Each structure stands twice: as structure tokens, then as C-alpha cells.
Amino acid sequence: ILAQGSHGGGEGQGVQRRRPGRRRGCDRALPCLLGGMISFHTPPRHDPSVGLGPTYSLTSDRPQKCWLPPVVGLPRSSSLPDSPWAAAAAAKAAREVEEDWRGGARDWLTEMKALEGRMGAKGSSLLAGLESKTTKARLTAAIEDGEPKEFRKAIRHATCRAKLGADPDVRHAQAMLSRLEKCCRECRDGFAEGNMLKLHRAVSDVEKLGLGPRVFEDPLLSQARERYYGWKFYMPYLRKLDHALQAGSLEYCVAWVEAVEGSILSAEWEDSATAELAKLLGAQEALEEVLSRPRFRLLYPAASYKERNRLLALAQSRLSELGIEVLELRLRAARVDVGNRDAEGVAIVVEGSLDAMEDALRVLREEGRRGEPVAMGHEASLEDDASREARSDALRLCLESAMGGSSSSDARGGGGGGSTHDVTLLPPGTRVAARAAAKARAAVVDETVRPWFAVFSPTTPRLSLLDPQASPPAGRFKPDLKASTSSPCLRPSSKGGHPA
């Protein structure tokens with residue numbers, strides 16, 4: 001091919017000889033490699049509605065011409081819409097076409113044994129470039145998808161087959177996989193120990209990794225996230241109870257009564273809070289003091305408990321309209337029937353100083369104000385003495401049952417708060433005994449630093465997709481010893497039994 005140009009000289013100095021086929025890019029180097037087997041053709045006219053570009057035919061021994069969408073880039077057309085959705089769809093289609101073309105070219109070059117040197121140095125470098133691009137595209141797709149097994153397969157392909165272990169993107173993906181496996185181990189240990197903090201840390205770290213949504217299709221991670229989100233909703237109330245516990249038994253008993261009367265916690269965490277109250281000295285005296293404080297309750301039996309916050313706000317506004325100083329009072333919502341989570345009805349508990357309470361009751365008991373404060377169309381009624389005694393007895397019974405359960409568990413455990421691992425049954429001096437002793441010491445330390453609201457009953461964890469037991473290697477050789485013993489071609493060993 002002769003390329004003519006001017007270099008500042010006279011006539012004839014601008015003509016220089018260039019080697020045929022030296023074009024830049026994979027789409028121009030491939031025809032040079034394949035010689036006459038591939039025909040490179042550029043259409044003379046570009047259709048604005050369909051993107052046409054240079055293509056190759058790799059399935060025939062004679063030159064062919066075919067028309068396909070362009071390998072890279074978007075079609076330059078003014079008739080296409082300029083909406084972002086259309087642009088994104090066109091870009092996705094171009095990427096898919098490019099990936100298909102690269103995959104076909106890579107497979108063809110592999111069949112032609114380009115790595116063995118059959119097509120020269122340029123064929124080897126071209127195949128290596130195609131392999132690198134397809135491997136990185138697969139790794140990126142695996143990260144965006146998030147499925148753990150596919151993510152691990154893409155990393156192994158990049159490191160073992162494509163030899164891209166030193167690439168920064170591959171190293172970053174390896175670090176993400178290591179962190180994901182560590183989070184799976186923490187979830188497994190958290191379920192086995194009943195430690196909610198480990199599940200909290202593991203699930204939070206998985207969410208921060210930046211993997212796709214399918215990462216939680218892993219059975220173990222899905223179980224951990226479900227357990228964690230069931231605890232995360234009650235975390236503010238549990239922390240409030242813990243702060244009250246640090247202040248003293250009386251303050252903790254006040255917070256516990258509010259949590260039980262309002263059914264703020266789930267049944268599991270309410271039992272944990274009750275068990276923690278039962279461990280305190282003077283818990284029963286503190287409960288009696290809390291129950292004897294001045295307060296009255298406004299009952300709305302027909303109201304829905306889900307609308308309790310709105311009902312509370314409207315009742316407070318109505319009390320202010322009746323001339324009651326609501327700033328001197330403290331109002332909170334509770335259930336009418338303590339301990340019954342399925343029953344409807346809302347009770348508004350009014351607390352405050354003795355003088356403020358007497359003034360509020362005097363205003364509500366005046367003639368012509370029956371059923372006040374009216375909120376959401378529901379009339380209120382004051383709690384009578386029988387209902388008050390029944391509510392107090394329900395709270396006392398709840399505390400007594402927790403104290404009985406804690407005393408029986410202490411009796412079974414011997415009164416000590418040690419580990420569940422029995423090290424005395426193991427022979428001393430062995431490696432198994434040393435590991436068991438280390439686990440026992442770690443469990444004792446963990447019990448001292450783990451708060452009470454992060455403890456739950458140990459559960460059997462599910463099997464993770466990254467666990468070797470979930471997907472054992474297929475096709476592993478397992479010799480049939482019985483068949484080999486009966487085979488006449490193998491002589492038996494000297495000890496008798498399996499063949500030598």
C-alpha cells in the first residue's frame with residue numbers, strides 16, 4: 001500500500017512504502033493475522049437506523065462479507081431519541097455485541113493454538129489481550145451481581161487461567177472475597193454462640209463491601225440478616241433499658257414497666273429484659289415502689305393500637321383545651337390488657353406531681369365532661385381500682401416467674417458463670433485439650449464484654465455457599481477397595497486384605 005503525503009520536499013519525496021495491514025486496534029490486526037481467510041470490508045453507505053461496521057467471517061475458508069452491528073461505540077444517528085433510557089439500552093446492546101465478538105475471536109484463536117506460537121507473537125499478544133478483557137468483564141459482572149459462588153469462580157478464572165493475579169482490580173476482588181468469607185465465619189460463630197454483636201458486625205460489613213443484591217442469596221447470610229433486622233428495630237429501646245440499668249435498679253424497673261405495659265419489645269427481648277431485672281437485688285421492692293407512684297390511666301377500649309401515637313397527640317391537645325397544664329404532666333401510650341399482645345385498645349398513662357394529678361382529675365370529673373378527652377371519635381374512661389390491681393398482679397407475676405427461672409438455671413449451672421465447654425473430660429497435654437481450654441477462656445471473656453441485650457439462644461446455622469461442604473469437588477477419585485481386592489490382576493498385600 002502506497003501512502004502519499006508531503007514532507008516539505010520536492011516531487012516524489014512524499015511517497016513512502018508501508019507494510020500492508022499495519023493498522024491499529026484489534027479489528028484491524030485480526031485481518032492481517034488471518035490473511036486471505038477473512039475479508040475486511042467497510043460499507044460505502046452508513047444506515048442511520050442500524051449501526052454497521054467492519055466485520056469478519058471466521059467460519060469459512062474463503063473470503064466472505066457479512067453485516068453486523070459495530071464492535072464498539074454507539075451508532076451515530078440523529079434519528080434516535082436522546083432520552084437517558086434509550087442511551088443506556090444502546091450502550092448495553094453495544095457491550096453485549098462487543099463481548100460476543102470478543103468471545104468468538106478468543107475461542108477461534110484458542111483453537112488455532114495462538115498461545116503455542118502457531119500465529120506468531122502478534123497472535124499470542126492479541127489472544128492475551130482478549131483474554132484479559134473478557135476476564136475483567138466477567139469479574140465486573142460478578143461483582144455487580146453479587147452471587148458468592150459466581151464471584152469466587154470469576155476470581156479463580158482471573159488468577160489461575162488468565163494469570164492476572166497481579167492486576168489491581170483482581171487483587172481488590174480477592175480482598176473482597178476474603179472479607180466475605182470472614183463475614184460468613186463470623187455469622188456461623190455468632191449463631192453457635194448466640195452473640196448478636198457478631199451478626200451485627202458481619203451483616204454490616206457485607207453491606208459495605210459493594211457487592212450486588214444476590215450476595216444475600218447465601219443461606220447463611222440470609223439467615224443472619226433476618227435475625228439481625230429482627231433485633232435492629234428494638235435496638236433504641238434496648239439501649240434505653242441498658243442505660244437505666246447502669247443508673248440503678250429503681251430506674252431500670254421504671255423503664256421495664258413502661259416496656260412491658262406498652263409491648264415495646266418482642267416477646268424474646270422482653271423475656272431477656274425481665275430476666276435481667278430478676279438478677280438485681282431488691283427487684284420486688286423497686287417494682288412495688290414504681291406501682292405506688294401517683295398516676296391514672298385513660299382507657300380507649302375501641303381504639304386501634306396501631307394508631308396509638310396519633311391518639312396520644314390528640315388526647316394531649318384536648319386536655320390542653322380543657323384547661324389542664326399538660327406541660328406538668330407526662331403522657332405515654334400503653335395497652336389496656338397488659339400481657340395480651342393480640343388485644344386492641346389503647347390506654348394513656350398520665351404521670352406527674354401529686355398536685356398536677358389532682359387538678360387534672362378534678363377537671364375530668366366535673367359534670368358535663370363525661371368521656372373527656374375525646375380523641376379520634378373515642379370517649380375515654382378512667383381506670384377503676386379492680387383493673388389497677390389486676391394490672392399490678394400481672395406485672396408481679398411476670399417478675400416472679402423470671403426470678404424462679406433464673407434461680408433454677410443457677411442451681412443447674414452450679415451458680416457459676418463459666419463456660420459451657422467441659423475441659424476436664426479431655427486428656428491433659430493433648431492438642432485437643434489445649435484448643436478446648438482456649439475456647440473456654442475466650443467464652444468467659446466474651447460473657448464479660450457482651451451486653452445482655454445481645455444474647456440470644458444458640459441456633460444451628462445454615463450452610464454457606466462458600467463452605468467447602470456445600471459444594472465438594474466433583475469427580476474426586478475414590479478407589480473401590482472391595483472391587484480391587486477381588487480383582488485377579490492385583491495381588492493381595494502381605495498383611496491380608498487390601499491390595500498392595
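As the structure is a computational prediction, the values presented were derived from the model and not from experiment.
- Not a single donor-acceptor pair under 3.5 Å links the side chain of D337 to the backbone N or O of N340.
- Residue A315 comes nearest to P373 through the heavy atom pair O-CB, 4.1 Å, listed as atom of the first residue, atom of the second, then distance.
- The neighbour count for L281 CG, taken as heavy atoms of other residues, nucleotides or ligands under 6.0 Å away, does not exceed 12.
- A distance of 12.0 Å separates NZ of K198 from CZ of R185, quoted to the nearest 0.5 Å.
- Looking only at side-chain heavy atoms (C-beta outward), V254 and E258 come within less than 4.5 Å of each other.
- A salt bridge links K136 with D167: the closest approach of a Lys/Arg side-chain nitrogen to an acidic carboxylate oxygen falls below 4.0 angstrom.
- Between K240 and E251, no side-chain nitrogen of the basic residue sits less than 4.0 Å from a carboxylate oxygen of the acidic one, so the salt-bridge criterion is not met.
- Not one N or O on the side chain of Y252 forms a donor-acceptor pair closer than 3.5 Å with the backbone of H243.
- Between the CG atom of L238 and the CD atom of E276 there is a distance of 11.5 Å, given to the nearest 0.5 Å.
- Judged by distance alone, the side chain of E147 and the main-chain N or O of K149 form a donor-acceptor pair under 3.5 Å.
- The shortest heavy-atom contact between P148 and D218 is CG-CB, 4.1 Å.
- Listed for the S317 side chain is no donor-acceptor partner under 3.5 Å among the backbone atoms of A313.
- At a threshold of 4.0 Å, the pair E186-R201 counts as salt-bridged, since one of the basic side-chain nitrogens sits closer than that to a carboxylate oxygen.
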(request) Start with the C-alpha distance between L139 and H157, add both sets of side-chain angles, then the distance that settles side-chain contact (heavy atoms from CB on, under 4.5 Å), and finish with yes or no. (result) CA-CA 9 Å; L139 185 59; H157 176 80; over 6 Å; no
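- Side-chain contact between R365 and L382: present, with at least one pair of heavy atoms (C-beta onward) separated by less than 4.5 Å.
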(request) Please lay out, stage by stage, how Q174 and T159 fare under the test side-chain contact (heavy atoms from CB on, under 4.5 Å). (result) CA-CA 9 Å; Q174 287 178 334; T159 54; 2.9 Å; yes
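- Between the side chain of D145 and the main chain of G212, no donor-acceptor pair closer than 3.5 Å is present.
- Residue L311 holds its CG atom at 5.5 Å from OH of Y300, rounded to the nearest 0.5 Å.
- Between the side chain of E193 and the main chain of N195, no donor-acceptor pair closer than 3.5 Å is present.
- Residues E307 and R310 meet the side-chain proximity criterion, which asks for heavy atoms closer than 4.5 Å.
- For the atom pair S392 OG and E288 CD, the distance stands at 8.0 Å (nearest 0.5 Å).
- When all heavy atoms are compared, the tightest approach of L241 to W256 is CD2-N, 3.8 Å.
- Each of R295, R332, R335 was compared with E261 under the salt bridge (charged side-chain N to carboxylate O under 4.0 Å, His left out) criterion, and only R332 meets it.
- For the pair R227 and F456, the cation-pi test (distance below 6.0 Å, angle within 45°) is passed.
- Looking only at side-chain heavy atoms (C-beta outward), L314 and V374 stay at 4.5 Å or farther from each other.
- Proximity of a side-chain donor or acceptor of T459 to a complementary backbone N or O of P461 within less than 3.5 Å is not detected.
- Taking the six-membered ring where the residue is Trp, the centroids of Y228 and H200 are separated by under 6.0 Å.
- A donor-acceptor pair under 3.5 Å links the side-chain atoms of S272 to the main chain of E268, judged by distance alone.
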(request) For L209 and L180, run side-chain contact (heavy atoms from CB on, under 4.5 Å): C-alpha distance rounded to whole Å, both residues' side-chain angles, the deciding distance at 0.1 Å, then the answer. (result) CA-CA 8 Å; L209 280 178; L180 182 62; 4.1 Å; yes
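- Between L395 and V260, some side-chain heavy-atom pair lies under the 4.5 Å cut-off.
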(request) Would you please test V206 and L211 for side-chain contact (heavy atoms from CB on, under 4.5 Å) and show each step? (result) CA-CA 8 Å; V206 171; L211 294 174; 5.9 Å; no
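- Side-chain contact annotation: T274 with D271, donor-acceptor N/O pair under 3.5 Å absent.
- For the pair A142 and A154, the tightest heavy-atom approach, listed with the atom from each and the gap, is CB-CB, 3.9 Å.
- Nearest heavy-atom pair across L299 and A347 is CD2-CB, 3.6 Å.
- Interatomic distance, CG of L220 versus SG of C187, reported as 5.0 Å (0.5 Å rounding).
- At distances below 3.5 Å, at least one donor-acceptor pair connects side-chain atoms of Q223 with backbone N or O atoms of R462.
- Between the CD atom of E328 and the CD atom of E351 there is a distance of 15.0 Å, given to the nearest 0.5 Å.
- Between M176 and I143, some side-chain heavy-atom pair lies under the 4.5 Å cut-off.
- The backbone N or O of W269 lies less than 3.5 Å from no partner atom in the side chain of W231, so there is not a single donor-acceptor pair.
- In terms of heavy atoms, E372 sits closest to A380 at O-CB, 3.9 Å.
- A heavy-atom distance below 4.5 Å is not found between the side chains of V349 and L331.
- Comment: D242 does not engage R239 in a salt bridge, judged by the lack of any side-chain N to carboxylate O separation of less than 4.0 angstrom.
- Comment: D393 engages R396 in a salt bridge, judged by a side-chain N to carboxylate O separation of less than 4.0 angstrom.
- Taking the charged nitrogens against the carboxylate oxygens, E150 and R156 have no contact shorter than 4.0 Å, which rules out a salt bridge.
- Taking 4.5 Å as the limit, every side-chain heavy atom of D385 sits out of range of all side-chain heavy atoms of E389.
- Look at E207 and R225 and you find no salt bridge, because none of the NZ, NE, NH1 or NH2 atoms lies under 4.0 Å from a carboxylate O.
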